[in-house]
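What follows is a short report on a single structure.
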Amino acid sequence: MKIAKALIICAVSALIPGISMAGSSCVATMKAYGYLGSGISYGSAVSIIGCSGEKVSSSETTGAKTETYRWSGHNYSGNLEATFRNDQLVNKTQSGLN
């Protein structure tokens, strides 16, 4: 099921202008930020944004692994941060994205 969701996200992101794809210049945008829905996996977020994020924090407690990743905006003028708990998006923030 996770593979099917990731494939759908990847296919959709290839059709939507303004969303970066792997192999191209990776820039976090407001458009990509808008497509990051609650509960999606980190892999799906990577497909939408176009590259892996920089892991800025990680913790693990009984039954819950929480990781936060950061992506830079155009010319590093902004950023997007996304927090995943057990590989599901639970929070996202952005600052200065175009």
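Just so it is clear, the values below take in all heavy atoms, side chains as well, and ignore hydrogens, waters and symmetry mates.
Comment: Lys65 does not engage Glu60 in a salt bridge, judged by the lack of any side-chain N to carboxylate O separation of less than 4.0 angstrom.
The minimum heavy-atom distance linking Ile49 with Ala28 is given by the pair CG2-CA, 4.4 Å. Between Gln94 and Gly96 the shortest heavy-atom distance is OE1-N, 3.4 Å. Shortest non-hydrogen contact noted between Tyr35 and Ile48 is O-CD1, 3.6 Å. Here the closest heavy-atom approach between residue Leu97 and residue Met30 is recorded as O-CG, 3.5 Å.
There is no side-chain donor-acceptor pair under 3.5 Å between Ser47 and Ser44.
Rounding to the nearest 0.5 Å places CZ of Phe84 at 10.5 Å from NZ of Lys92. With values rounded to the nearest 0.5 angstrom, Leu36 atom CG is found 13.5 Å from Lys31 atom NZ.
The backbone N or O of Tyr42 sits less than 3.5 Å from a side-chain atom of Asp87, completing a donor-acceptor pair. Remark: the backbone N or O of Gly63 is paired with a side-chain donor or acceptor of Asn86 at under 3.5 angstrom.
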Distance-only check: which donor-acceptor pairs under 3.5 Å involve side-chain atoms of residues 50-57, not counting sequence neighbours?
from	atom 1	to	atom 2	distance (Å)
Lys55	NZ	Glu67	OE2	2.9
Ser57	OG	Thr68	OG1	3.4

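Looking at Leu80 and Thr29, their side chains never come closer than 4.5 Å, going by heavy atoms from C-beta outward.
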Query raised in the report: Could you go step by step and tell me if Ser38 and Leu89 meet the side chain to side chain contact (heavy atoms under 4.5 Å, CB included) rule?
Result: CA-CA 5 Å; Ser38 182; Leu89 181 66; 5.6 Å; no

